[in-house]
Each structure stands twice: as C-alpha cells, then as structure tokens.
Chemist: 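I have a structure I would like to understand better, so I am pasting it below and will then ask my questions one at a time.
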Amino acid sequence: MKTLILAEHNGEALNASVYQAVTAAQFWNAPVEILVTGNNTDSIAQQAALIAGVARVIHVKAEYLAHPLAEDVAQIIVDIANEYAVILAAHSSYSRNILPRAAALLDIAMISDVLEIQPNNTYVRAIYAGNIHTSIQSTDRIQLITIHSSNYSAADIITNHAEVAVFQAPAPQQKSRWISETRTLSDRPALSTAKVVISGGRSLGSAETFEQVLSPLAARLNAALGATRAAVDAGYAPNDIQVGQTGVTVAPDLYIAVGVSGATQHTYGMKDSKVVVAINQDPDAPIFQIADYGLVADLFEAIPELTAAIQKN
Amino acid sequence: MKILVAIKRVVDYNIKVRIKPDGSNVDIDGVKMSINPFDENAIEEAVRLKEKGIASEIVVVSLGGAANQDVLRHALAMGADRAILVESDQDLQPLAVSKLLKSLVDREQPALTILGKQAIDDDAGQTGQMLAALLDYPQATFTSTISINGNEVVAIREVDGGTETIGFNLPAVITADLRLNEPRFVKLPNLMMARKKSIETINATDLGVDTKPRLQLLKVSEPPARKSGIKVGSVQELLAKLRAHEGIQL
Ligand SMILES: Cc1cc2nc3c(=O)[nH]c(=O)nc-3n(C[C@H](O)[C@H](O)[C@H](O)COP(=O)(O)OP(=O)(O)OC[C@H]3O[C@@H](n4cnc5c(N)ncnc54)[C@H](O)[C@@H]3O)c2cc1C
Ligand SMILES: Nc1ncnc2c1ncn2[C@@H]1O[C@H](COP(=O)(O)O)[C@@H](O)[C@H]1O
C-alpha cells in the first residue's frame, strides 16, 4: 500500500511543509505519492516530482481548481483514497479545511497535528493547548493525519524526476464559490519557516508602534514578525501572524518574545523554538519560565537599545 | 430561519490540567468547566442574527453527560431559544459527534449550523467539516465575518497568510473563529430565567449512530519541559550570551 500527501501551494511554489511531509511519510516505508491540484500548475507538479523519496505525483488540473475549495479537493481525495494506507498533510489551515471533510466521507477517524509517528498506527499528539501529550492508536483502515510540520526536517531536492500522472478532474461540486482573498504582503521571510521570529504582544500599544518598534530589529535579523492573540484582536497585527494554539506554530532557531505574557495558548505555538528570549517588564511573567534568556526591562527602551547594539556590529 | 449551534463542555481555558496519578488520563475531577470558547462565538453570532431579524429560532445542542446542562443553560441565557442534550457516557470523538449532530440536523432541519472551529480540550478541529461532509452541505471554516442575504451567505475565513472570502447557499455549516464577534456577558436575571427553561434530553443510543471510539487512548504524559533558562541583567549581557550561543549570529 502507498502513502498519499496532499500538497499545498500558492500557485507559484510548493509550500515548504510539503517537503517536511515527505520526510514524515518515509516512516511507513511505502511508495510516497503527492497530490497536486490546481490550474496552470504544471511547474508545481514538476517541483513535487523533484523531491527525494517521492515515487509519483498525481496532478489534477482544472480551471475551477485555481482556488481550491474544501468540497472539491475532499472529493478528489476520496476518489483515489482506496489505493492508500496513509493520507497525510501539514496541519495548516488549508489541510485542516479539507482533510476532515474527506475523512468523514471515507468514514475514517482523522488524527490532527501529530507530533510523533510510532509503529502500529500509534501517534503522539498534544491536547489542552500543548499541556498534555497523548499516545493514541488508530483502528481504521486508512491512516488520515496532519503532522506538526516543525517536528520534521525538509526532504532534499533531487535531479531525476518522479513520474507525473495527470488525472482527470471530477465535475466541480459547485457547493461554494471563491470570491476573493487578501494576502498579507511582506518583504520579511515567511513566519512558519523563518530562522528568527520576533513576536509582539498587547503591550506594543498600537499598530504603528508595533511596526516602529519591532521592524528595525526584524530587518536587522532577517526575522519574521509574530504576534499574540491580544495584539491581533486589538488590531496591532494581522490575524495570520498570530502564534499559538489557534494560530501558527513556529520553531525557529531564535524566538524573541517582546512584551508577551506567555499564556499557554501562546507558548503552544513557539515552545519548540531552539532559543527563546523574553523581554518583559514583569519579572513574574510566565514567559520567563520557558525562556532561555530573560530580560526584565521596558521593551520601549530595550528593543531600540538591542537594535542599535546589533547594528553597530 | 432556524440556526443550530453545537456547544461542547470543556475544561476552562484558564485551568492547567493535570494527569491522573496512574497516568491513564487527564484528571478533570472537580475542575472548572466552561463552554468551549469558540462555541460561545457561535452562539453569539446566532443571537446577533436573531436580533437582526435574520434568524427566527436558535437551538443549541451539547453531547455528553448530564453535567452538560450548565453550558446549555448558559447558551439559553445568552439568547438561545431551545436546548437539547444528547446524553452519552462514551468518549465521543469528532467522527461520532458529527454523526450524532447529523441526525439532529436531519430532525431539526436548520438552515444554518454553527460550530466552533476547534475544541480546546482535544484541539482536533474536525467536527464542523465532518458534519458538512455527512450532510453534503457547503462548509465555511474559521470564519471571522458572516453576512447573510436571503439564501446567500458570504463568509470571510481566516487562513494562513491572510483571509479568503467565499459564497454559498443555505443550508450550510459554519465554524467560528474567535474574531467572529465578542460574546456578550450573561446577566444574572437571564441566567435565572434560563434555569427555569426545560432542556430536552435524548439518549445518544436512540439516534442509531455508531459512536464507538475509533482511536484508542494508550497513555497521557507531560510534554518534555524546556530546560530552565537564566535572567540577564542588561541588553549587553543578553547579546553576549546570545553571541556565545552556538549558531546564533548577531
Ligand atoms: C480559546 C483561546 C485561544 C487562544 N489562542 C491564542 C493563540 O493562538 N495565541 C495567543 O497568543 N493567544 C491566544 N489566546 C489568548 C491568550 O490566552 C492570552 O490572552 C494572550 O496570549 C495574551 O497576549 P499578550 O501576552 O500580548 O497580553 P497580556 O497577557 O496582556 O500580556 C502583556 C505583557 O506585556 C508586559 N508588558 C506591558 N508593558 C510592557 C513594557 N513596556 N515592556 C515590557 N513588557 C511589558 C506585561 O508585563 C505582560 O506580561 C487564546 C485564548 C483563548 C481563550
Ligand atoms: N460533545 C460535543 N457536543 C457538542 N458540540 C461538540 C462536541 N464536540 C465537538 N463539538 C463541536 O465541534 C467543534 C469542534 O470540535 P473538535 O472537532 O473536537 O475540535 C466544537 O467547537 C463544537 O462546536
């Protein structure tokens, strides 16, 4: 039996998480196939075919797939699912929208955000905002899972292509229609893959100060910006950079939490970072319990000082 | 238009759950329980749609033990019209929950069913999508804005990298994100009134749905702790420490 990976892309490039999913898929020692759906996506299918460890790429292309809707992609998965023992994807908003729908159509219990894959269809995953880990075993005929991408390294790129098989797209479901999208434009590296992430909290005070205080440091460190839910709710930062239980999970080499209290809902999304620095004026802030280096200071003094000190170097 | 809202009773988000001494499961005996936060957003949205004259009736449903009555009463106090408890002492996993909810939708025929985007205990984030699949309805997950015009819904969804706007016709399933709205505080008189309302109870086994857990819990454990760090006294000291740390170039 084979393993199927649902690929996510932005029309130009495969998402980095696809490479991580390929690494995770090697656990089963079965041929790995990647499902690419879209319109004008030949080059995306080619990128997928160049990932080490991929046996075949299934390319389903149609005009209506230019903006993939859950109803359509779930049906495509269901149509081919019986050839696979495992169907997996990154735990991104894209897959979280589609895979549970496919799972129910297949009458399969899905397993979300897997931290570790173990023998005998056993998985470790987090519950209660990461406060507890559980080991669960699936009794279903297909293993349908999303993985916690940051726990897996990216598979290599090779030069000899895997086969790309073009499958006929099924008729569109026409249950919902795509109207528009907004993409947060930024010159900074992508949050989920950046080597350095600087996150700001409610204490930044406004959208203007959020940018003013954090962006010079981000520019100097080639860092992505993140935010707490409190900062996002207050309108200081866009929703897609919220780090945490209900936002994005990151695991950079360096995470700098600026005026962040360290609620478990936030730390769920960043506690796998290699080095955590926290700057907070409250010495008892919970963030210090998970920080490698804690500085008790007013961020409005400490951040400019830090930026200037690094710039001098 | 009728709206059905599914609400889960979960450990309050402020509580740090602990493991039972024998390691078999989490210990939630005597722990403060609340409505799953996203489900509060779902109720709030339904109540606002009723206040705008778009919805005519709001039915809330919760699946689980008899204790779930408290979250149903909270929903009634927020403005729901009717409450249904589907009683079960089983570990109800998302697939089973979605099947039970489907039989309620079949019975109640709501135009719109609203769920939370995820339950903060299991963090699965699956039930709404599964329910939409079983009903063969359109789905709008992680929504932060809903506008309804006749039979047409336009929903803004929070997705990685930004937002997406989609349109679809009722009946449909929507899952609520936290930014959908700010749930109202429940006033004491409303809570008193909600206490007097009756809650319809259905036994899950009477719904003829296979709710057997497909996922076996083998064990629970504490996540590996981060090794404790140090406090530094100044920006200079912080920089020196970071520079000494392998792999960090500043
Ligand atoms: C269901 C649910 C899901 C959630 N999901 C998430 C999530 O995904 N991500 C998330 O982040 N949160 C999430 N939250 C919210 C979370 O519980 C916290 O409320 C939030 O993380 C707090 O954000 P904050 O640290 O910016 O604000 P606060 O908790 O208000 O902390 C502000 C901090 O700034 C410090 N400070 C103030 N002024 C200064 C200064 N001048 N210099 C230095 N320090 C200063 C204070 O000492 C304080 O520690 C969720 C909550 C719920 C209920
Ligand atoms: N036992 C339950 N009773 C009522 N609603 C539930 C139950 N479990 C899950 N739900 C609904 O499904 C949503 C998502 O849950 P989950 O898929 O478990 O993350 C919740 O926010 C609720 O709206």
Side-chain angles (χ1 to χ4, degrees), chain A residues 70-71 74 92-94 96-97 100-101 103-105 109-113 122 126-140 175-184 233 239-240 245-246 248 253-254 264 271 275 277 288 290-296 302 305-306 309-310 313, chain B residues 11 13 16-17 19 26 93-95 98 118 120-126 129-130 132-134 137-142 144 154 158-168 178-179 214-223 226 228-232 235-236 238-239 241-242 245 247-248 250:
Chain A
E71 297 89 348
S92 61
S93 63
Y94 178 75
R96 278 183 290 166
N97 187 36
R101 187 169 181 113
L105 294 173
M110 175 177 154
I111 306 165
S112 294
D113 209 8
T122 302
I127 54 174
Y128 293 98
N131 280 319
I132 305 284
H133 282 183
T134 57
S135 297
I136 48 173
Q137 189 171 30
S138 163
T139 53
D140 275 339
K175 284 206 162 40
S176 48
R177 64 196 165 90
W178 179 90
I179 296 174
S180 64
E181 67 190 9
T182 58
R183 290 276 166 255
T184 310
D233 282 359
N239 64 275
D240 60 293
Q245 181 189 18
T246 51
V248 196
D253 293 341
L254 176 62
T264 47
K271 65 182 176 185
V275 175
V277 170
F288 288 128
I290 63 155
D292 299 283
Y293 302 109
L295 175 64
V296 179
E305 192 185 336
L306 182 62
I310 295 172
N313 194 19
Chain B
V11 172
Y13 82 96
K16 189 175 185 314
V17 287
I19 294 175
V26 291
Q93 297 172 350
L95 188 59
S98 63
Q118 84 195 58
I120 61 162
D121 50 1
D122 66 12
D123 280 330
Q126 301 171 358
Q129 299 87 310
M130 288 182 157
L134 298 178
Y137 283 2
Q139 70 179 53
T141 51
F142 331 137
S144 56
V154 173
E158 293 202 347
V159 297
D160 297 343
T163 65
E164 181 186 66
T165 305
I166 58 171
F168 48 89
L178 294 168
R179 276 174 285 276
R214 306 282 191 84
L215 306 172
Q216 310 303 328
L217 176 66
L218 302 182
K219 65 167 190 185
V220 296
S221 57
E222 297 273 353
R226 282 190 75 90
S228 57
I230 57 162
K231 287 242 173 76
V232 293
V235 165
Q236 287 311 324
L238 174 63
L239 262 183
K241 285 279 189 315
L242 284 176
H245 210 108
I248 296 188
L250 294 171

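Small disclaimer: the values here were computed from a predicted structure and weren't measured. Just so it is clear: chains get the letters A, B, ... in the order the sequence lines come, proteins before strands, and each one is counted from 1.
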Chemist: Of all the heavy-atom pairs spanning B/P138 and A/E71, show the shortest one and how long it is.
Modeler: CA-OE2, 3.2 Å
Chemist: If I take atom CG from residue B/D160 and atom OG from residue A/S92, how far apart are they, to the nearest 0.5 angstrom?
Modeler: 5.5 Å
Chemist: Tell me, please, which residues at least two apart from B/V232 pass side chain to side chain contact (heavy atoms under 4.5 Å, CB included).
Modeler: A/Y293, A/L295, B/I230, B/E237, B/L238, B/K241
Chemist: Check whether any side-chain N or O of B/Q129 sits under 3.5 Å from a backbone N or O of A/R96 as a donor-acceptor pair, and report yes or no.
Modeler: yes
Chemist: Applying side chain to side chain contact (heavy atoms under 4.5 Å, CB included), name anything that partners B/T163, two or more places apart in sequence or on another chain.
Modeler: A/T182, A/N239, B/I156
Chemist: Which bit of A/V248 comes within less than 4.5 Å of chain B, counting heavy atoms only: side chain, backbone, both or neither?
Modeler: neither
Chemist: Should we say atom NZ of B/K219 is surrounded by more than 12 heavy atoms from elsewhere, each under 6.0 Å from it?
Modeler: no
Chemist: Looking only at non-hydrogen atoms, find the nearest pair between B/G162 and A/R183 and report the distance.
Modeler: N-NH1, 3.8 Å
Chemist: Set out, in order, the CA-CA distance, both residues' side-chain angles and the distance that settles side-chain hydrogen bond (donor to acceptor under 3.5 Å, both in side chains) for B/Q126 and A/S112, then state yes or no.
Modeler: CA-CA 8 Å; B/Q126 301 171 358; A/S112 294; 2.8 Å; yes
Chemist: Looking at B/R226 and A/I290, would you say the former's side chain and the latter's main chain have a donor-acceptor pair under 3.5 Å?
Modeler: yes
Chemist: Could you check whether any side-chain N or O of A/E305 sits under 3.5 Å from a backbone N or O of B/V235, counting only pairs where one atom can act as donor and the other as acceptor?
Modeler: no
Chemist: At a heavy-atom distance under 4.5 Å, which candidate from B/A132, B/S144, B/S228 has the highest pair count against chain A?
Modeler: B/A132
Chemist: Rounded at 0.5 Å granularity, tell me how far CD1 in A/I310 sits from CG in B/L242.
Modeler: 8.0 Å
Chemist: Using non-hydrogen atoms and a 4.5 Å limit, figure out which bit of A/A302 sits close to chain B: side chain, backbone, both or neither.
Modeler: both
Chemist: Rounded at 0.5 Å granularity, tell me how far CG in A/D113 sits from CG in B/D122.
Modeler: 11.5 Å
Chemist: Donor-acceptor pair, A/T134 side chain versus B/V220 backbone, under 3.5 Å?
Modeler: no
Chemist: Please name the pair of heavy atoms, one in B/E222 and one in A/N131, separated by the smallest distance, quoted to 0.1 Å.
Modeler: OE1-O, 4.3 Å
Chemist: If you count heavy-atom pairs within less than 4.5 Å of chain A, which of B/G229, B/G167, B/S98 leads?
Modeler: B/G167
Chemist: What distance do A/T122 atom OG1 and B/Q216 atom CD have between them, rounded to the nearest 0.5 Å?
Modeler: 10.5 Å
Chemist: Please determine, by modelled atom types, if A/S93 and B/E158 share a side-chain donor-acceptor pair under 3.5 angstrom.
Modeler: no
Chemist: Determine the option with the most heavy-atom pairs under 4.5 angstrom with chain A, choosing from B/K16, B/Q93, B/R179.
Modeler: B/R179
Chemist: In Å, rounded to the nearest 0.5 Å, how long is the span from CG of B/L215 to CE of A/M110?
Modeler: 11.0 Å
Chemist: What residue in B/V17, B/L134, B/L217, B/I19 has the most heavy-atom pairs under 4.5 Å with chain A?
Modeler: B/V17
